[in-house]
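What follows is one structure encoded as structure tokens, with my remarks underneath.
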Amino acid sequence: MSTNTLSKEAEIRLLDFFNDRIDPMSMAKALRMVNFNLALNAMNDQNFTTEKALRDCFIWLNELAETLNPYLDLE
């Protein structure tokens, strides 16, 4: 896994987005709902030509949701 650092401008824009426009917990919930629908549609689809891309998107969206609202790490 590669680790990319964000520029200061990108950090400021992300903070503005999550402070002014959307609650991180709401965003995490929306990401999880999108991921669920993505997985459900992929399972129902008989054409798996984009299987790797779907898997990668599923993983990245889950990681982003966990970053915004750590749900799976809670004990």
Side-chain angles (χ1 to χ4, degrees):
M1 176 182 280
S2 66
T3 56
N4 297 331
T5 57
L6 295 174
S7 68
K8 279 293 182 190
E9 180 184 348
E11 286 181 27
I12 291 169
R13 293 173 80 186
L14 279 171
L15 287 173
D16 287 344
F17 178 78
F18 286 114
N19 288 334
D20 297 337
R21 296 188 183 152
I22 192 166
D23 175 43
M25 292 182 80
S26 299
M27 180 69 161
K29 182 179 179 181
L31 287 170
R32 289 185 178 105
M33 289 183 346
V34 167
N35 244 4
F36 172 77
N37 286 319
L38 176 68
L40 189 61
N41 286 327
M43 286 188 293
N44 290 330
D45 190 10
Q46 298 302 319
N47 182 7
F48 286 103
T49 57
T50 59
E51 183 178 337
K52 183 180 180 336
L54 284 175
R55 185 185 68 226
D56 289 346
C57 290
F58 185 77
I59 290 169
W60 295 332
L61 285 174
N62 273 340
E63 287 181 9
L64 180 56
E66 283 299 304
T67 301
L68 296 172
N69 178 19
Y71 178 76
L72 298 175
D73 292 338
L74 299 177
E75 295 182 16

Open item on the list: Do L61 and F17 land in one hydrophobic cluster if side-chain heavy atoms of ILVMFWY residues count as linked below 4.5 Å?
Closed with: yes
Task: Same cluster (ILVMFWY, side-chain, under 4.5 Å), M27 and I12 - done: no
Task: Distance, nearest 0.5 Å, that separates NZ of K29 from CE of M33 - done: 6.5 Å
Open item on the list: To check you understand the geometry: which heavy-atom pair defines the closest contact between A28 and A65, and what is its length?
Closed with: CB-O, 3.6 Å
Open item on the list: Measuring from atom CG of N62 to atom OG1 of T67, what distance do you get when rounded to the nearest 0.5 angstrom?
Closed with: 10.5 Å
Open item on the list: For the CG atom of L31 and the CD atom of E66, what is their distance to the nearest 0.5 Å?
Closed with: 10.5 Å
- [ ] Look up atom CD in E9 and atom CG in L14, then write down how far apart they are to the nearest 0.5 Å.
- [x] 10.5 Å
